[in-house]
Amino acid sequence: MADSLPPPDIVRSAYATLVVTDLAEARRFWVDLLGFVVTYEDSSALYLRGYDELTHHNLIVRSGPEAAAGALGYRVRSDRDLARAEAYYAALGCRTARLPAGTVRGVGEVVRVEDPLGCLVEFFAWSAHPERLQQRYDLRRGAEVARLDHFNICVPDVPRAYEYYAGLGFGLSETIEDDQTVYAAWMYRKQTVHDVAFTGGAGPRLHHLGFFAHEPHSVLRICDIIGSLSLESCIERGPGRHGVSNAFYVYLRDPDGHRLEIYTSDYYTGDPDHPVLRWSVLDPRRRDFWGNAVIPSWYSEASLVLDLDGKPQPVFELAQTAEVTVGADGFTAPPSE
Ligand code: 4SX
Ligand code: FE2
């Protein structure tokens with residue numbers, strides 16, 4: 001059993017792959033508008049990174065027949081952890097594949113798995129190092145994204161997703177819960193609020209990719225740029241202040257509907273006695289600290305994920321009570337008693 005095997009030592013969430021139906025349009029959004037840095041591009045894919053990033057890419061955008069989320073990439077400590085990942089997932093009964101160095105451009109050997117949630121996950125240890133543009137203020141544009149911070153996944157059973165990631169050695173920073181269940185959970189390997197979070201909903205689907213910017217003004221500035229270009233329909237939620245994580249945020253949708261978050265100002269979680277912050281599902285500040293309503297599409301819409309054969313995974317309906325049927329979000333009434 002995987003219980004008796006050591007999990008791979010995961011450093012952090014590092015990159016994601018999005019399949020888009022029009023690469024030129026996606027390039028206008030991700031590069032021209034948002035200001036992501038292009039490490040490499042060809043006629044079928046873009047390899048993009050933030051200005052602080054050390055590794056080859058934070059995002060692979062590749063063209064395909066149907067919009068979907070491809071693999072989520074976690075960096076592991078060393079090559080030894082690739083073998084650990086392979087053995088760990090095999091013991092969980094998951095399909096795995098080992099890809100020679102360079103199969104995923106810019107990174108070394110990869111262990112790709114179809115994980116117990118149904119998501120495609122890639123583990124890598126080595127990466128090429130492009131120029132780090134941290135202090136090239138002269139080059140910064142758009143949302144001035146520094147790096148990828150987290151994946152948010154819709155899952156039909158949040159407690160089950162929590163158990164699986166706890167087994168991988170992730171810490172729990174915050175939850176939304178009540179006496180009955182956990183509606184959402186935020187979990188980390190690096191010393192921030194999260195590398196991965198779970199939103200209760202039909203799944204597996206990718207809810208969003210979270211990208212870190214250093215300055216609150218970067219969040220506001222991308223909104224202003226979007227307004228000036230009459231692209232306001234790509235702003236889905238915010239800007240606002242999250243209760244969970246304390247982040248100052250905005251959610252955008254790319255031309256294929258993939259959701260991303262630009263945010264700043266979450267906090268350090270590295271102390272061994274770091275407490276879990278548990279929000280009541282009835283607290284109207286939990287998802288927006290100022291009490292602004294969360295729009296229904298944010299809860300219901302998300303990207304399909306691909307399996308190891310590149311086919312979209314079937315989506316299973318929510319197995320637990322929906323947060324929006326119990327929580328106060330402006331568009332649903334809280335329980336009346
Ligand atoms: O909506 S929440 O305030 O719960 C929230 C959502 C907090 C942090 C996040 O990164 C997020 O996507
Ligand atoms: Fe997020």
Side-chain angles (χ1 to χ4, degrees), residues 12-13 16 18 34 50 58-59 69 72 143 145-155 158 161-162 165 170-178 181-201 203 205-213 216 218-219 222 235-254 258-269 276-303 322-324 326-332:
R12 60 164 171 135
S13 54
L18 295 177
L34 297 188
N58 293 130
L59 180 64
L72 307 176
V145 164
R147 57 176 173 78
L148 175 82
D149 182 77
H150 60 267
F151 312 126
N152 189 304
I153 304 165
C154 292
V155 292
V158 173
Y162 162 79
Y165 265 94
F170 281 62
L172 178 66
S173 57
E174 304 202 25
T175 67
I176 293 175
E177 60 180 57
D178 64 12
T181 194
V182 178
Y183 298 89
W186 284 259
M187 300 186 76
Y188 61 95
R189 285 292 297 175
K190 68 178 169 0
Q191 299 180 343
T192 62
V193 173
H194 59 319
D195 289 284
V196 68
F198 311 112
T199 302
R205 292 179 300 163
L206 178 69
H207 187 275
H208 69 267
L209 301 175
F211 293 98
F212 179 82
S218 302
V219 174
I222 192 59
I235 303 178
E236 185 186 33
R237 176 184 165 199
R241 171 80 64 190
H242 285 310
V244 171
S245 86
N246 193 47
F248 182 66
Y249 71 90
V250 67
Y251 293 93
L252 308 176
R253 304 289 290 272
D254 89 347
H258 297 303
R259 183 183 292 106
L260 72 141
E261 176 182 26
I262 309 284
Y263 88 94
T264 188
S265 87
D266 56 346
Y267 59 85
Y268 167 76
T269 54
V276 179
L277 182 49
R278 297 178 187 277
W279 291 80
S280 161
V281 71
L282 298 178
D283 190 332
R285 299 174 308 161
R286 69 194 188 284
R287 288 198 178 272
D288 186 285
F289 201 55
W290 308 328
N292 286 318
V294 177
I295 74 164
S297 65
W298 190 88
Y299 280 111
S300 61
E301 295 177 10
S303 303
E323 181 182 338
V324 290
V326 290
D329 261 310
F331 69 93
T332 47

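Starting from 1, each residue takes its place in the sequence as its number. Side chains included, hydrogens not; waters and symmetry mates left out as well; all remaining heavy atoms used. Counting starts at 1 for both ligands and their atoms, in listed order.
For ligand 1, the atoms closer than 4.0 angstrom to any heavy atom of Tyr251 are 6 (C), 11 (C), 12 (O). The contact set between ligand 1 and Ser245, taken as ligand atoms under 4.0 Å from a residue heavy atom, comprises 7 (C), 8 (C). Taking every non-hydrogen atom of Arg237 and a distance limit under 4.0 Å, the qualifying atoms of ligand 1 come out as 1 (O). Within ligand 1, the atoms closer than 4.0 Å to a non-hydrogen atom of His150 are 10 (O), numbered from 1 in the order shown. Against a heavy-atom cut-off of under 4.0 Å, His194 is close to the following atoms of ligand 1: 10 (O). Shown in contact with Glu261 at under 4.0 Å from a heavy atom are these atoms of ligand 1, numbered in order with element: 9 (C), 10 (O), 11 (C), 12 (O). Heavy-atom proximity to His208, at under 4.0 Å, picks out these atoms of ligand 1: 12 (O).
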Self-check item: Check against salt bridge (charged side-chain N to carboxylate O under 4.0 Å, His left out), Asp288 and Arg241
Solution: CA-CA 6 Å; Asp288 186 285; Arg241 171 80 64 190; over 6 Å; no
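Polar contact with ligand 1: absent for Trp298 (N/O pair, distance under 3.5 Å).
In this structure, His207 falls outside the shell of residues with a heavy atom less than 4.0 angstrom from ligand 1. Residue contacts with ligand 1 include Trp186, since one or more of its heavy atoms lies under 4.0 Å from the ligand.
Because the distance cut-off is set at 2.8 Å, Glu261 qualifies as a neighbour of the Fe ion (ligand 2) through one of its N, O or S atoms.
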